[in-house]
Amino acid sequence: MANCLVLVQSPSSFFFPFVLLSAALVSYQVSMVATAQNALPAQARVGVILDLTTPVGRRRRTGIQMAVEDYYAAHPSSATRVALHFRDSAGDPLRAASAAVDLIKNAQAQAIIGPPTSAEAEFVARIGDHARVPVISYSATSPTLTPVQTPFFVRTAANDSFQTAPVAAVLGAFSWRAAVVVYEDTPYGTGILPALSDALQGVGTKIMDRTAVPSDADDARLDAVLYHFMAMPTRVFVVHMLYPLAARLFRRAKKAGMMSQEYVWVATDGVGSFMDRLSPEDVDAMQGVVSLQPYVQLTDAAKNFSARLMARSRRENPADGGVADSTLMRLWSYDTAWAIAAAVETARVPSPAFQTPGGTTALTDLDRLGVSATGTALLKAVLATTFEGIAGKFKMVDGQLQLPAYEVVNIIGRGARTVGFWTPEFGITQDRSEPQQRQGAETWSAPKGWTVSPNGRMLLVAVPAKNGFKQFVDVSQNSTTGEEKITGYCIDVFDEVMKNLPYPVSYRYVPQNVSLDSYDKLVDLVRDQKFDLVVGDVTVTASRMAEVDFTMPFTESGWSMVVAAQEDTGSNMWVFVRPLSTGLWLASLGFFCFTGFVVWVIEHRINPEFRGTPCQQFGLIFYFAFSTLTFSHREKLQSNLSRFIVIMWVFVVLILTSSYTASLTSMLTVQKLLPTVTDVRELQRNGHYIGYQEGSFIESSLQKMGFDQSRMRKYNSSKGYADALSRGSAKGGVAAVFDEIPYLKLFLSEYCKDYMMVGPIYKTVGLSFVFPKDSPMTGDVSRGILTLAEGEKMSKIEKAWFGEPDACLQQSSAEVAPSSGLRFKSFGGIFLLTGLASGLTLLVYLATFAIRERSGLRAAEATAGSGSGSVPLWKLRAWLQHYDTRDLRSPTFRTRHDEFNACDCANRTPTWNDESVRNGGTSPFSVRVNSEMNAASSLENTPASEAGNSLEQGVEGATTSAEMATSTVPQLHR
């Protein structure tokens with residue numbers, strides 16, 4: 001049993017280590033395989049939808065493959081690899097949508113490149129947004145596709161709305177103010193219209209017509225569109241089509257004769273970017289077309305790629321070797337594939353992972369589509385990708401590629417020639433490196449962009465047939481031939497403007513009597529396209545401007561009223577005060593008093609004629625000053641200072657009296673006319689009848705002001721105005737006539753003696769010519785009117801029809817204008833001079849007085865020191881008392897004092913005091929003189945403490961002297 005047991009255990013022991021060894025070997029092999037698998041780059045599946053039924057689509061497939069290969073050749077250590085999955089849309093939007101569903105559902109595509117057209121991309125973008133799979137298109141340029149509506153749509157091309165600014169800049173550079181837009185009736189064509197309309201409006205160009213053309217339109221449909229264009233005056237056309245339809249349109253236009261120099265064709269980059277794909281016949285039909293294309297600098301890398309692509313395409317698709325391709329789309333598709341590869345590497349996108357929606361019943365393939373778990377990260381990586389591509393700098397802004405500039409090309413000869421560039425910073429320039437040469441396109445030779453008459457007929461010009469005011473428009477008929485002759489101021493102005501236009505215009509005047517009813521109906525003839533324009537005295541109003549266009553006005557604006565004038569026969573007893581205004585009267589009175597006061601101050605101490613009682617001296621101030629009005633002052637002045645002041649004042653008085661006399665004479669002799677009515681409210685308050693011109697807009701304006709239509713009467717001539725105003729409102733006429741300023745001036749030039757224009761002037765634009773809405777001739781005629789007004793020709797025309805301007809009005813206004821009197825402002829200068837002279841003279845005198853009389857002033861202050869009151873007050877009183885004394889040192893008083901004391905009174909003839917002697921008594925004046933002389937002598941030689949006694953002694957001596965003089969009187973006559 002023991003041996004058996006041994007035999008049984010021995011095989012078990014040998015087999016167990018073998019099993020362990022085998023398990024270890026298997027585990028090692030599995031680990032090695034896993035490590036090898038982990039070392040392989042992760043694959044990112046990218047779908048590509050192209051129209052593989054066309055040579056261009058197959059070439060685009062080759063170019064995208066080359067871009068991915070070139071990226072990984074430049075980045076061999078990339079941790080990811082893009083696996084391309086191609087699908088064919090055959091140019092059908094539904095097939096493109098089906099291909100997108102297939103790529104997402106079956107191929108697990110994490111991003112999709114394409115499809116080529118905007119119509120296909122619109123479907124695919126919606127599907128990509130639903131599945132959160134980024135859709136990157138290098139050729140869908142319609143503005144209807146925006147990242148705002150479909151966040152997972154990325155446009156690696158230029159938005160078509162970007163080129164609206166350069167298109168508008170081209171039209172603005174040539175001042176083309178009207179254009180017709182013809183576009184392809186597809187999402188590509190319609191998407192640009194809002195942005196294009198805004199851009200053209202920004203440069204002042206109006207879209208006259210918008211015409212959609214189906215992409216499959218036949219020649220008959222194209223001819224109908226072109227014939228419609230030929231009947232329009234506009235000759236500027238903006239074409240927004242892809243090159244296949246655009247080439248057919250231009251071929252038909254050439255056959256219709258619309259590719260001549262008279263027409264302007266501006267095409268978007270749907271033509272300019274595909275010049276490589278146009279046949280020589282197409283290029284020949286497009287001679288003269290201006291187009292755009294995004295600016296791309298062909299670098300060596302771009303040229304190298306194009307050469308390699310052509311060589312590889314010939315190897316892979318020999319039958320497609322001679323097919324032309326768009327260089328721009330070729331480069332953009334290459335940069336798009338490169339950007340996808342770079343974004344995949346940046347985002348480290350893992351293997352595809354889609355979350356299948358749950359909770360709902362899937363009825364279609366679209367419902368069964370999952371949501372990509374990597375789409376959001378990949379989208380962010382694509383939008384953040386920036387590099388220098390072969391088409392220029394690749395940078396996304398708001399989900400769209402940004403372009404540095406557009407090229408402006410002109411199709412001439414066998415191809416397109418670059419004639420300028422457009423950049424957002426500088427607009428149109430001739431050279432991108434010289435932005436200061438802005439608007440260089442303005443030097444090109446170009447047509448005016450419109451025609452006066454599309455079918456070559458003469459323009460029909462409606463003119464109003466007027467019964468009055470024939471100076472503006474006069475329709476007369478030759479009695480012999482019956483031929484109508486149309487003349488007038490408006491006609492001459494229009495003829496002169498038409499003659500100076502840079503292009504010939506044929507037109508014919510047709511008189512219209514409808515103007516007698518209302519000028520609004522005359523304007524309606526242009527609105528209804530019965531006439532091409534209206535020439536006459538038509539006023540611009542807001543309601544009319546809503547229906548037609550007006551040129552610049554050629555007359556003054558505004559309307560007012562004319563009333564009868566009457567003489568001012570009333571007398572005014574106070575007319576003598578009217579020559580001077582109140583301010584001038586008060587100023588004159590003030591300066592009279594001031595001048596008299598200054599003269600009195602200077603003469604009071606040295607001139608006996610300026611002394612006396614206070615009442616006498618106060619009266620002397622006024623008497624002396626006012627006596628200068630008649631130069632009758634007899635007071636002899638002693639001081640040169642006062643003489644200087646009087647000389648200045650006499651000069652002022654001379655000017656005042658002369659001006660007063662002239663103004664009063666004018667008031668009393670010139671005939672004055674006064675209006676019978678001065679205010680509109682007076683007319684309404686008194687219920688007066690008023691008049692207006694027949695057919696004028698004034699009627700409705702007066703009704704808006706509150707006038708009753710039953711109190712309104714219409715007239716049609718100057719004679720009718722004069723007759724109605726002369727009769728007045730009470731005798732079947734009117735109290736006032738309302739009309740526009742040109743008519744009122746014409747009326748007053750004929751009747752300026754008896755009528756006058758009063759009241760406010762209500763603003764209007766003026767008289768103008770009427771054109772259809774959006775007529776291109778309006779601007780040219782307005783510029784012609786402005787040029788005419790700046791020269792002498794307009795003045796000559798006005799003189800020929802209206803005479804000398806305002807000659808009678810100036811005469812009438814001179815008679816009518818009431819005088820408001822002479823104002824102080826007119827004489828301010830002379831009052832300023834005499835005031836300064838008098839003031840300075842007074843200051844000089846006071847300063848001299850204070851210096852010369854300082855000892856006497858001190859003595860007077862000492863004497864008055866014991867008086868009552870404050871110190872300044874008694875000092876002032878002392879000074880005034882001293883000032884009131886006579887200046888005995890003056891020649892006047894000193895001469896008389898010496899004569900009195902030195903002469904022999906018994907042997908002389910009485911002189912200056914004879915009057916008192918003859919009266920038999922003592923002259924108070926002589927007594928005062930002696931007393932003051934003695935008192936003054938005593939004060940000068942006596943101390944201040946004895947001043948009172950000396951003064952008394954002087955008075956007594958003066959009395960004794962007077963008695964002695966009296967006693968000698970009998971001896972003098974013996």
Side-chain angles (χ1 to χ4, degrees), residues 580-612 614 616-660 822-858 860-861 872-873 875-894:
L580 304 183
S581 64
T582 303
L584 186 55
W585 276 116
L586 295 177
S588 301
L589 178 62
F591 274 89
F592 269 113
C593 297
F594 179 67
T595 303
F597 172 75
V598 173
V599 172
W600 176 83
V601 169
I602 297 175
E603 294 287 332
H604 177 67
R605 301 187 75 246
I606 62 175
N607 194 336
E609 297 184 9
F610 284 84
R611 301 187 65 83
Q616 292 175 337
Q617 297 181 59
F618 186 77
L620 181 64
I621 292 175
F622 287 94
Y623 166 75
F624 178 82
F626 282 94
S627 63
T628 57
L629 284 172
T630 57
F631 309 101
S632 59
H633 50 285
R634 298 180 179 180
E635 290 76 11
K636 184 178 180 180
L637 303 179
Q638 302 297 328
S639 174
N640 289 331
L641 294 178
S642 57
R643 292 167 183 167
F644 169 72
I645 293 174
V646 171
I647 291 174
M648 292 288 297
W649 179 243
V650 168
F651 176 70
V652 175
V653 170
L654 176 63
I655 295 176
L656 283 176
T657 54
S658 301
S659 302
Y660 175 86
L822 302 174
R823 299 186 178 276
F824 174 77
K825 185 177 181 181
S826 303
F827 299 89
I830 59 173
F831 279 119
L832 177 63
L833 292 177
T834 187
L836 289 176
S838 299
L840 292 176
T841 304
L842 180 60
L843 292 177
V844 170
Y845 172 77
L846 293 178
T848 305
F849 169 75
I851 294 173
R852 292 181 57 186
E853 300 293 332
R854 58 183 179 273
S855 60
L857 292 174
R858 285 195 295 268
E861 291 177 1
L873 184 60
K875 281 188 177 183
L876 177 62
R877 186 163 52 244
W879 280 47
L880 292 177
Q881 290 176 353
H882 183 75
Y883 168 77
D884 190 47
T885 62
R886 300 188 183 197
D887 185 3
L888 300 180
R889 291 171 295 183
S890 66
T892 303
F893 295 126
R894 186 171 60 248

query: Is any side-chain heavy atom of I645 less than 4.5 Å from a side-chain heavy atom of T834?
result: no

field: Verdict with supporting geometry, F827 and L822, side-chain contact (heavy atoms from CB on, under 4.5 Å)
entry: CA-CA 9 Å; F827 299 89; L822 302 174; 3.9 Å; yes

query: Do the rings of F592 and W649 sit parallel, tilted or perpendicular, given the 30° and 60° boundaries?
result: perpendicular

- prompt: What closest approach, in Å, do T841 and A837 show between heavy atoms, and which atom pair accounts for it?
  reply: OG1-O, 2.6 Å

- line: Separation between CG (L846) and CD1 (I851), nearest 0.5 Å, reads 11.0 Å

message: Among V844, L637, L641, which residue satisfies the side chain to side chain contact (heavy atoms under 4.5 Å, CB included) criterion with I602?
response: L641

- request: Classify the ring geometry between Y845 and F849 as parallel (under 30°), tilted (30 to 60°) or perpendicular (over 60°).
  value: parallel

task: Give the intermediate values and the outcome of side-chain contact (heavy atoms from CB on, under 4.5 Å) for residues L656 and F831.
output: CA-CA 11 Å; L656 283 176; F831 279 119; 4.0 Å; yes

- prompt: Considering all heavy atoms of both residues, which atom of Q617 and which atom of F610 are nearest to each other, and what is their separation?
  reply: OE1-O, 3.8 Å

message: For F594 versus G835, what's the shortest heavy-atom pair and its separation?
response: CE2-O, 4.3 Å

- prompt: Are R643 and E603 close enough for a salt bridge, meaning some N to O gap below 4.0 Å?
  reply: no

field: F597/S838 under side-chain contact (heavy atoms from CB on, under 4.5 Å): CA gap, chis, key distance, verdict
entry: CA-CA 10 Å; F597 172 75; S838 299; over 6 Å; no

- prompt: Does the T657 side chain pair with the main chain of L654, one donor and one acceptor, at a distance under 3.5 Å?
  reply: yes

task: Could you go through the side-chain contact (heavy atoms from CB on, under 4.5 Å) check for F824 and W585 one step at a time?
output: CA-CA 8 Å; F824 174 77; W585 276 116; over 6 Å; no

OG1 on T595 to CE on M648, rounded to 0.5 Å: 10.0 Å

- prompt: At what distance, to the nearest 0.5 angstrom, does OG of S826 lie from CG of L580?
  reply: 10.5 Å

- request: Rounded to the nearest 0.5 Å, what's the gap from CZ on F651 to CD1 on I830? Could you check?
  value: 7.0 Å

